[in-house]
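So you know, we letter chains A, B, ... as the sequences are listed, proteins then strands, and number each from 1.
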Amino acid sequence: MSQKPSIPKGTRDFTPQEMANRNYIFNTIKSVFQLYGFQQIETPAMENLSTLMGKYGEEGDKLLFKILNSGDFLTNVNDAELLERNSIKLTNKIAEKGLRYDLTVPFARFVVQNRDKISFPFKRYQIQPVWRADRPQKGRYREFYQCDVDVVGSDSLLNELELIQIVDEVYRRLKINVVIKINNRKILSGIAEIIGEAEKITDITVAIDKLDKIGLEKVNEEIASKGISQDAIDKLQPILQLSGTNAEKLNRLKSVLAGSETGLNGVEEMGTIFTLCETMQIQTKVELDLTLARGLNYYTGAIFEVKAMDVEIGSITGGGRYDNLTGVFGMPGVSGVGISFGADRIYDVLNQLNLYPETSEEQTQVLFVSFGENELMYCLPWLKTFRENSINCEIYPEPAKMKKQLSYADNKNIPFVAIVGENEMNANKVMLKNMKTGVQQLCSPEEVIREIGLK
RNA sequence: GUGGUUAUAGCUCAGUUGGUUAGAGCGUCGGAUUGUGGUUCCGAAGGUCGCGGGUUCGAGCCCCGUUUUCCACCCCA
């Protein structure tokens, strides 16, 4: 009575090889975060649904995984409610927890709840999986990791600079060519204001965000379908087609947005950020892209998006400035800015470009091969010594045939084997074999440590 | 949520117009080789053809449903 095992839609297993590769990404990101003084936190996989609901819009609520209450969860539901078959209403009665959808909202909750233990500005990073009941497809999963780094409680644009520096450093270390696209919500608001459609800011930004994907014509169609006047659309055209250097674009915007205080404010912020980037000699290309909008409505200032140049994949990092994120949890006036590295997409990029380092630090360096109980016992103190010297080693735990033990080393890509039989025990040594060259020699513990240390 | 697509051995995949006992490569295990891996040779194990129904004398193949895979849209990392 065996059944074929499977895992839920949109989830994945990771093999040891894959984990080594993923850890390379996480460790790289982590060490850069720490370089800038960010500290790690974790929050629970599940949150109260009241914390999550309504934070991601109506679409987002549908994508939340809800957790059925334990026990007899129908106790509080009466027959009338059951017969009504209203899923949303019923869900509220039978599920009070859900899996986290991102790391930002739980972080906002964390800040409010732990404000007495935090000193501001609070710089935190968080690397954890999130879950979305989305339909999986390329580069898109139902369980995936986010690597979030945020500063809250500081309005300074130096924070924006630091985030750009972090992006620059992380992708240099990972050897991925990227371009950082940057825009400002205030500029977008200013534009909406100038063309006389300030109310429709969301519809406009959502549409122009698709510009490089569907083209100018379709964008205009979509904007028109949202009830925006032809006059406004005409005014929008020169702005959408703005080109040149960042400075040229900003200059042009300054005159276009002359009538909008918010817009000018945004232009000035961008100017400051570009100057800072130049001063700090950011190597990655930082490009003002007015078509960058990002769907999330809680952004209020700068918005970032990072694209890989050599691979066709969605954005691999994104974020922005959000004022008052903690407001919904009763703590107003806390401004924050942060970005999120999409670890799973970075993983896909590295896989396609094959950019992993050749040797992994996690790998076993020596395998002890032995032929009987006596040999096993003889090896144990050796293993202890090696481990005390930080050499990853293991012993084949049963007296199998040599062929089998060596194949095991081969499959695990272990560079050295220490063969132990009667001769070696009598000499108080091991036969150390280099699996790559095939060369072997009798060695004392010190000699083995030296030999492997040389690698 | 909408549209398309896929499912056959542990993995990657063949399988003719619906016709007897469903094949290959890789991997696994055993042997050639009792203390030497990767290469080679020989052999073996391994399948309710995703699941449920239907058509048919007969279904891996046709029809319906369902689940799953991948892809596009919506949205997003």
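A:Y408 comes within 4.0 angstrom of nothing in the nucleic acid, heavy atoms only. Among the protein residues, A:K412 comes within range of no part of the nucleic acid, since none of its heavy atoms lies under 4.0 Å from any strand. Among the protein residues, A:S315 comes within range of the sugar-phosphate backbone only, with heavy atoms under 4.0 Å from sugar or phosphate atoms but none that close to a base.
Comparing the same atom, P, in B:U17 and in B:C73 gives a spacing of 35 Å after rounding to whole Å. Between B:A14 and B:G50, the two P atoms lie 14 Å apart (nearest whole Å). B:G15 and B:U8: their C1' atoms are spaced 9 Å apart (whole Å). Comparing B:U21 with B:U55, their C1' atoms sit 25 Å apart, to the nearest whole Å. The same atom, C1', is picked in B:G25 and in B:G4; the two are 31 Å apart, to the nearest Å. Separation of the P atoms belonging to B:U34 and B:A9 is 37 Å when rounded to the nearest angstrom. Rounded to whole Å, the P atom of B:A7 lies 12 Å from the corresponding atom of B:U12. B:C74 and B:C63 are spaced 32 Å apart, taking the P atom of each and rounding to whole Å.
Atom C1' of nucleotide B:C76 and atom OH of A:Y299 are separated by 11 Å, given to the nearest angstrom. Separating the CG atom of A:D102 from the P atom of B:A77 is a distance of 8 Å, rounded to the nearest angstrom. Note: CZ (A:R100) to C1' (B:A77) measures 15 Å, nearest angstrom. A:L64 has its CG atom 14 Å from the C1' atom of B:C76, to the nearest Å. As a whole-Å value, the separation of A:D209 CG from B:A77 P is 10 Å. At whole-Å resolution of the value, NZ in A:K9 and P in B:U6 are 17 Å apart. Going from atom CG of A:D344 over to atom P of B:C76 covers 18 Å, rounded to whole Å. Following rounding to the nearest Å, A:I7 (CD1) and B:U67 (C1') show an atom-to-atom distance of 15 Å.
Sorted by first and then second residue, the salt bridge (Lys or Arg N to Asp or Glu O under 4.0 Å) pairs with a member in residues 29-56 of chain A read A:E47-A:R109; sequence neighbours excluded. Judged as a salt bridge (Lys or Arg N to Asp or Glu O under 4.0 Å), the pairs with a partner in residues 335-346 of chain A (not counting sequence neighbours) are, in order, A:R12-A:D344, A:R22-A:D344.
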Base versus backbone protein contacts along nucleotides 34-39 of chain B [heavy-atom cut-off under 4.0 Å; B, S, -]: -BBBB-
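Checked for salt-bridge contact, A:E162 and A:K123 meet the test: a charged N lies under 4.0 Å from a carboxylate O. Between A:R124 and A:D150 there is a salt bridge, since at least one side-chain N of the basic residue sits less than 4.0 Å from a carboxylate O of the acidic one.
A:N114 meets the side-chain contact (heavy atoms from CB on, under 4.5 Å) test with A:F110, A:K117, A:I118; sequence neighbours excluded. Checked against ring-ring contact (aromatic ring centres under 6.0 Å, His included), A:Y396 has the following partners two or more places apart in sequence or in another chain: A:Y408. Residues satisfying the ring-ring contact (aromatic ring centres under 6.0 Å, His included) test with A:Y101, not counting sequence neighbours, are A:Y56. The side-chain contact (heavy atoms from CB on, under 4.5 Å) test applied to A:V130 returns A:R100, A:L103, A:F144, A:Q146, not counting sequence neighbours.
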Counting only pairs under 3.5 Å, give me each side-chain donor-acceptor contact of residues 31-40 of chain A, with atom names and distances, residues two or more places apart or in other chains.
unit_1, atom_1, unit_2, atom_2, d
A:S31, OG, A:N27, O, 3.0
A:S31, OG, A:T28, O, 3.0
A:S31, OG, A:R173, NH1, 3.4
A:Q34, NE2, A:Y125, OH, 2.9

Which donor-acceptor pairs under 3.5 Å do the side chains of residues 57-65 of chain A make with protein atoms, sequence neighbours left out?
unit_1, atom_1, unit_2, atom_2, d
A:D61, OD1, A:G54, N, 2.9
A:D61, OD2, A:G54, N, 3.4

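Within a heavy-atom distance below 4.0 Å of RNA chain B, no residue of residues 12-21 of chain A is found. Within residues 126-138 of chain A, the residues that place at least one heavy atom under 4.0 Å from RNA chain B are, in residue-number order, A:R132, A:D134, A:R135, A:Q137, A:K138.
For the pairing with A:V420, the side-chain contact (heavy atoms from CB on, under 4.5 Å) check across A:M431, A:K429, A:M425 returns one residue only, A:M425.
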Per-nucleotide pairing state of RNA chain B [Watson-Crick or G-U, under 3.5 Å; [ ] pseudoknot-crossing; | other strand]: ((((..(..((((.....[...)))).(((((.......))))).....(((((..]....))))))..))))....
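Heavy atoms from other residues, nucleotides or ligands lying under 6.0 Å from NZ of A:K138 number 12 at most. Other residues, nucleotides and ligands contribute only 12 or fewer heavy atoms inside 6.0 Å of the CD atom of A:E422. Atom CD of A:E447 has more than 12 heavy atoms from other residues, nucleotides or ligands within 6.0 Å.
Classification of the A:Y356-A:Y24 ring pair by plane angle, with boundaries at 30° and 60°, yields perpendicular.
Both A:F341 and A:G10 lie near RNA chain B, and the one whose nearest nucleotide falls closer to the 5' end is A:G10.
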